[in-house]
Q: 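Structure below; questions to follow.
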Amino acid sequence: TDFNWYEIGDIICIADKGRLYYCFPKTKRDIVSKARLAAEEAARVAAEQERLAAEAAAAEAARVGQRQAVVDYANQFIGNPYVWGGTSLTRGTDCSGFVKGVYAHFGISLPRTSYSMRSVGYAVSFADIQPGDIVCYSGHVGIYAGNGKIVNAIDESRGIGMSNVKYSNIITIRRIY
């Protein structure tokens, strides 16, 4: 790493890319040693910041991938029947049974009713909605699939399918991943 050295009166400062890392008084003894230690500490701090940023980016990429996997799994049940009180993704389920069953495939235990799902995970705003988020309405729930759509168990005549996310007033949006 290239460091810039600045002398300001009786003080020497070290900076990298405009960030000030260390300042110390200018004395005849150990100036070089102090500067070397300061430069090493600055390099250690910079490397640690880069490592943490890379870990955070990798973790977010994994969460985004997991949310998309939820949507992909849910989409394979489109066309299957709606059954009030049902919990089978293939033989018939209602809206909360659908969401519960999809997330169970990924090891996530959710409550059984759409009302109870209003408190799972953490709330996100509509502006921050992402695929895989759980969208809760009055008496209904679905999984946000992206592009303004939810995948959900709609009713007995339509079964499991896609709906516009704004088909009704949204009470809350919950994120698991």
Side-chain angles (χ1 to χ4, degrees), residues 16-21 44-177:
D16 176 31
K17 298 178 187 169
R19 292 179 289 192
L20 185 62
Y21 282 117
R44 187 195 66 74
V45 168
E48 179 67 9
Q49 289 173 340
E50 288 177 21
R51 183 187 68 77
L52 292 173
E55 285 179 5
E60 179 59 18
R63 284 189 295 273
V64 168
Q66 191 66 25
R67 290 192 298 261
Q68 186 59 51
V70 167
V71 173
D72 293 344
Y73 182 72
N75 284 343
Q76 74 179 333
F77 300 105
I78 291 175
N80 287 354
Y82 174 98
V83 174
W84 187 85
T87 58
S88 171
L89 298 174
T90 54
R91 293 185 315 275
T93 184
D94 62 13
C95 64
S96 57
F98 175 71
V99 173
K100 180 178 176 61
V102 168
Y103 270 93
H105 177 78
F106 296 93
I108 305 295
S109 178
L110 294 177
R112 178 60 183 94
T113 67
S114 60
Y115 179 83
S116 296
M117 288 184 188
R118 294 178 190 178
S119 61
V120 300
Y122 60 94
V124 294
S125 69
F126 186 78
D128 292 327
I129 195 169
Q130 295 288 321
D133 288 345
I134 298 171
V135 184
C136 300
Y137 308 88
S138 178
H140 190 68
V141 65
I143 299 171
Y144 187 67
N147 298 317
K149 301 289 185 188
I150 59 167
V151 59
N152 61 134
I154 304 167
D155 59 28
E156 290 178 355
S157 65
R158 293 178 283 177
I160 297 171
M162 290 284 190
S163 300
N164 186 306
V165 69
K166 292 184 176 181
Y167 89 94
S168 185
N169 290 332
I170 295 171
I171 292 176
T172 187
I173 300 166
R174 310 302 294 186
R175 182 163 298 156
I176 303 299
Y177 294 107

Q: Can you sort out the partners of Arg67 under salt bridge (Lys or Arg N to Asp or Glu O under 4.0 Å), two or more places apart, ordered by chain and number?
A: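 For Arg67, the residues satisfying salt bridge (Lys or Arg N to Asp or Glu O under 4.0 Å) (neighbours in sequence not counted) are Glu60.
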Q: Mind checking side chain to side chain contact (heavy atoms under 4.5 Å, CB included) for Arg51 and listing every partner two or more places apart, or none if nothing turns up?
A: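 Arg51 satisfies side chain to side chain contact (heavy atoms under 4.5 Å, CB included) with Glu48, Glu55 once adjacent residues are dropped.
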Q: Kindly compute the distance separating SG (Cys136) from CD1 (Ile134), expressed to the nearest 0.5 Å.
A: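 With rounding to 0.5 Å, SG (Cys136) is 6.5 Å from CD1 (Ile134).
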Q: For Gly146 and Pro131, which heavy atoms make the closest approach, and how far apart are they?
A: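 Result for this residue pair: CA-CG, 4.1 Å.
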Q: Please output the side-chain donor-acceptor pairs of residues 117-127 that fall under 3.5 Å, not counting sequence neighbours, one pair per line with the distance.
A:
residue	atom	partner	partner atom	Å
Ser119	OG	Ser116	O	3.2
Ser125	OG	Ala127	N	3.4
Ser125	OG	Asp128	N	3.3
Ser125	OG	Asp128	OD2	3.2

Q: Could you give the side-chain donor-acceptor pairs of residues 73-85 under 3.5 Å, partners two or more places apart or in another chain?
A:
residue	atom	partner	partner atom	Å
Tyr73	OH	His105	ND1	3.4
Asn75	ND2	Val71	O	3.4
Asn80	ND2	Leu89	O	2.8

Q: Would you say that Thr93 contacts Ile160 through its side chain, given a criterion of any heavy-atom pair below 4.5 Å between the two side chains?
A: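 When only atoms from C-beta onward are counted, Ile160 and Thr93 do touch, with a gap below 4.5 Å.
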Q: Which heavy atom in Arg112 sits nearest to a heavy atom in Gly97, and how many Å separate them?
A: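 Distance-wise, the nearest heavy atoms are NH1-N, 3.0 Å.
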Q: As an exercise, state the distance from OH of Tyr137 to CD1 of Ile171, rounded to the nearest 0.5 Å.
A: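 Between Tyr137 OH and Ile171 CD1, I get 10.0 Å after rounding to 0.5 Å.
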Q: Sequence neighbours excluded, which residues qualify as salt bridge (Lys or Arg N to Asp or Glu O under 4.0 Å) partners of Arg174?
A: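 Once residues adjacent in sequence are excluded, Arg174 has no partner under the salt bridge (Lys or Arg N to Asp or Glu O under 4.0 Å) criterion.
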Q: Enumerate the residue pairs fulfilling side chain to side chain donor-acceptor pair (under 3.5 Å) with a member in residues 157-169, sequence neighbours excluded, ordered by first and then second residue.
A: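 The answer is Asn152-Ser163, Asp155-Ser157, Asp155-Arg158.
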Q: Can you sort out the partners of Glu50 under side chain to side chain contact (heavy atoms under 4.5 Å, CB included), two or more places apart, ordered by chain and number?
A: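 So Glu50 forms no side chain to side chain contact (heavy atoms under 4.5 Å, CB included) with any residue.
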Q: How long is the straight-line distance from NE2 of His140 back to SG of Cys95, given to the nearest 0.5 Å?
A: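 Atom-to-atom, Cys95:SG and His140:NE2 are 5.0 Å apart.
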Q: Output every pair passing salt bridge (charged side-chain N to carboxylate O under 4.0 Å, His left out) with a member in residues 95-108, not counting sequence neighbours, ordered by first then second residue.
A: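 Sorted result for residues 95-108: empty, none.
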Q: Kindly indicate whether the side chain of Val135, heavy atoms from C-beta on, has any atom under 4.5 Å from the side chain of Val141.
A: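 Contact flag for Val135/Val141 side chains = no.
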Q: According to salt bridge (charged side-chain N to carboxylate O under 4.0 Å, His left out), does anything in residues 133-143 pair up with another residue at least two apart or in another chain? List the pairs.
A: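 Listed once each, the pairs are Asp133-Arg175.
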Q: Are the side chains of Val165 and Tyr144 in contact, using a 4.5 Å heavy-atom criterion?
A: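 In short, these two side chains touch, coming nearer than 4.5 Å.
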Q: Excluding sequence neighbours, so at least two apart, what forms side-chain hydrogen bond (donor to acceptor under 3.5 Å, both in side chains) with Gln66?
A: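 Checked Gln66 against side-chain hydrogen bond (donor to acceptor under 3.5 Å, both in side chains); matches are Tyr177.
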Q: For Ile150 and Gly142, which heavy atoms make the closest approach, and how far apart are they?
A: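 Ile150 and Gly142 have their closest heavy atoms at CD1-CA, 4.3 Å.
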Q: Just checking Tyr115: does its OH atom have more than 12 heavy atoms from other residues, nucleotides or ligands closer to it than 6.0 angstrom?
A: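 Open: at most 12 neighbouring heavy atoms sit under 6.0 Å from OH of Tyr115.
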